[in-house]
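Proteins come first, then strands; the chains are lettered A, B, ... in the order of their sequence lines, and each starts at number 1.
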Amino acid sequence: MLKFSKLSIQRADTTLINDFNVETEKGGLIILTGANGSGKSTLLKTLVGLLPITKGEIIINKRAVTNYAHEERARTIAYVNAQKIEEAYIRVIDLVRLGRYPYLKVQHEKALEDVNIAGVLKALSLEAIQYNYLNEISDGELQKSTIARALVQDTPILVMDEPTAFLDYPSKKELFKLLRAMALEKNKVIICATHDVELAAIFGTEFWHLENKLISVSDKSIAWN
Amino acid sequence: MLNIKWIGLILILLLLVVLDTFCIPTNINPFTDFKLSETILFSIRLPKILTAMAAGIALSAGGLMLQQLFKNPLAGPYVLGVSSGASLAVGMVIIGGASLPFLHIFYFQSISIALAGFIGAFVVLLLALLVSYRFGYSYILLLFGVIIGQILGAFQTLIDYLANPTDLKQFSLWNMGSFYNTINDSLYILVAFVSFGIIWSFRLMKPLSIMILGNDVAYTLGVKTKKVSLQILMCTGLLTGVVTAFCGPIAFIGMAVPNVARMMYKTANFKKLLLFNVLVGAGMALFCDIIGNLPFFNFHLPINVSTALIGGPIVLFILLKRKY
């Protein structure tokens, strides 16, 4: 489903990632770890198309990502980062619905019906606050709402850059549990960069650790040993 | 609840139009003295109403787009130095262009003034965008606007200093803002430019509403963020540039109105928000004109006096109420 082939990434003459090769055939929760500044975010941004590939290829469903049209890519990979949303006067439910944007042009009104938005809200325990405005909810709830937005985007690949930064411990645990279940049941590839290694070790199915420009891949947590 | 807001807004707007048409600055009664009323109505009052509404619509739409793009509720055409850019460009065309004979041909002068306003506004907006890319969407952007405004103001002062007394007086009056300078061709051009800009801005609202998630995330949802940002700047430049060209640099409407609109009409549907916002903007401009022309003043106040007196406290309220 997702394949990195001889991928190298450079930023301003500095090589951040060198010759990364891995192939993921089926869904799973991939945990990406590495020190601050090691290039985790750069790798994820390159995967979602925000940064260019220096060398090598990223292949999704047997096609290089560079051959995907912009909208098509939006229906294939969803992205969550830790950037805070400054908007105050929109409802949680409307924020979540923005995830259907990539489908609006092809399906129009149906775009909002054919994914289980209520189910996603329930899974993230956002039901009770779905009609609240963003200035009435906590940072953690806001973060869960942006994660719900990405789940509603309903893509085979989900890329998350430290999605748990603002969450309390029970919410973090809930989230990892949910991500694992979604990855395995719906056969999604979820790549999650995180510093919550203890929780990640319990729920992850595959572990990528980035150190000295190289990524080591394992089915056990290998971070910081 | 939703409909009450719309109906209320439209009723208030109609009331303001009627009041500003027939009672400000003096009462006219079309039933008693038809001939005189007709002249006043068609050559003074209606152009004024149209100008005020076009200005209110354009500035509030520009303000909304800038606030959303820069994710800063204090952004606005005046604060970011956009109006100063337009002023300077217009000043150069008016004073520098006076020696060029082709500028006096019918329509040509108005169009070149409008274009100068647009170019001046757009250049400053482009600089603001570069600053925001480099430093993020922060107070640096606002400081940038203030400083750019000062620098451009210095050039403006230089032009004022070099200008002859007649031009200078006209220029100073223009700087205070007025809805009374647009007649015939300049009114048509103002209305045409603003209509075009408004249609354009409605088309930008859907992608702009996705950009509340941040530009990176919006990009991964299929929004061409760089293209949309550039179009927002061009559209805002057009709207605020042309208004500044014909009405002078008008403060506070562009900054205050979108905040009021957002607070009153909370929605994620930005097309509806924009419509609500421009109606509030038109109403605000009419209200400011009425305040500036109340009969007991005996003279009419420059529009920037009333926009500052009304818009200033609103902006202060928003600033102090904001969570940091």
Side-chain angles (χ1 to χ4, degrees), chain A residues 41 44-45 47-51 65 68-106 131-136 139 142 145-147 149-150 152-153 155 157-161 163, chain B residues 1-2 5 64 66-75 132-133 136-139 141 203 205-228 258-273 276-277 318-319 321-324:
Chain A
S41 292
L44 298 184
K45 280 186 173 180
L47 174 55
V48 300
L50 288 165
L51 294 172
V65 278
Y68 278 71
H70 192 176
E71 288 91 0
E72 196 185 6
R73 197 161 170 163
R75 295 191 287 270
T76 311
I77 310 179
Y79 175 63
V80 176
N81 58 16
Q83 196 190 330
K84 220 185 147 223
I85 294 173
E86 300 285 348
E87 204 69 26
Y89 300 117
I90 75 166
R91 292 174 201 273
V92 169
I93 180 87
D94 292 323
L95 180 80
V96 174
R97 280 183 181 142
L98 295 181
R100 298 309 289 164
Y101 181 73
Y103 303 91
L104 282 181
K105 271 184 199 154
V106 279
Y131 296 112
N132 285 32
Y133 290 100
L134 297 187
N135 61 344
E136 300 164 351
D139 286 349
L142 183 58
S145 309
T146 65
I147 293 165
R149 188 276 309 158
V152 155
Q153 203 174 333
T155 51
I157 298 170
L158 175 57
V159 175
M160 308 178 105
D161 196 352
Chain B
M1 189 63 190
L2 210 90
K5 284 179 190 167
L64 180 69
L66 291 182
Q67 288 176 9
Q68 290 303 140
L69 181 68
F70 292 123
K71 298 177 177 61
N72 193 329
L74 295 177
S132 77
Y133 276 154
Y137 306 96
S138 62
Y139 63 94
L141 184 71
R203 297 178 59 94
M205 281 300 125
K206 190 71 203 176
L208 190 62
S209 73
I210 306 296
M211 283 161 71
I212 63 175
L213 295 167
N215 287 7
D216 282 358
V217 172
Y219 181 84
T220 65
L221 273 159
V223 176
K224 292 178 177 58
T225 45
K226 287 204 171 133
K227 198 175 136 197
V228 171
N259 283 297
V260 174
R262 254 195 303 262
M263 238 185 269
M264 283 171 64
Y265 185 53
K266 302 170 180 175
T267 179
N269 184 333
F270 275 28
K271 284 184 181 166
K272 284 187 183 169
L273 178 64
F276 194 85
N277 172 63
I318 290 154
L319 184 68
K321 194 173 160 278
R322 208 181 161 211
K323 287 185 289 182
Y324 285 96

(request) Could you give me the CA-CA distance, side-chain angles and deciding distance for A:Leu98 and B:Ile212, then say whether side-chain contact (heavy atoms from CB on, under 4.5 Å) is met? (result) CA-CA 10 Å; A:Leu98 295 181; B:Ile212 63 175; 3.8 Å; yes
(request) Could you walk me through whether B:Arg262 and A:Glu87 pass side-chain contact (heavy atoms from CB on, under 4.5 Å), step by step? (result) CA-CA 10 Å; B:Arg262 254 195 303 262; A:Glu87 204 69 26; 4.1 Å; yes
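- One distance of note links OH of A:Tyr133 with NZ of B:Lys266; it measures 5.5 Å at 0.5 Å rounding.
- Separation of atoms CD1 (B:Ile210) and CG (A:Leu104) is listed at 7.0 Å; rounding is to 0.5 Å.
- Atom NZ of B:Lys224 sits in a crowded spot, with more than 12 heavy atoms from other residues, nucleotides or ligands closer than 6.0 Å.
- Of all heavy-atom pairs between A:Ala74 and B:Gly222, the closest is CB-N, 3.6 Å.
- Residue contact with chain A, scored on non-hydrogen atoms closer than 4.5 Å, involves the backbone of B:Thr267 exclusively.
- The distance from the NZ atom of B:Lys71 to the NZ atom of A:Lys84 is 14.0 Å, given to the nearest 0.5 Å.
- With a 4.5 angstrom heavy-atom cutoff, A:Arg149 touches chain B only via side-chain atoms.
- In terms of heavy-atom pairs under 4.5 angstrom with chain B, the leader among A:Thr146, A:Leu50, A:Leu95, A:Asn81 is A:Leu50.
- At a 4.5 Å heavy-atom cutoff, the contact between A:Ile77 and chain B is made by backbone atoms alone.
- For the pair A:Tyr101 and B:Leu221, the tightest heavy-atom approach, listed with the atom from each and the gap, is CD2-O, 3.3 Å.
- Distance check, rounded to the nearest 0.5 Å: CZ of B:Phe70 to CD of A:Glu86 gives 15.0 Å.
- Only the side chain of A:Lys45 comes within contact range of chain B, with heavy atoms under 4.5 Å apart.
- Under a 3.5 Å cut-off, the side chain of A:His70 and the backbone N or O of B:Thr220 do not form any donor-acceptor pair.
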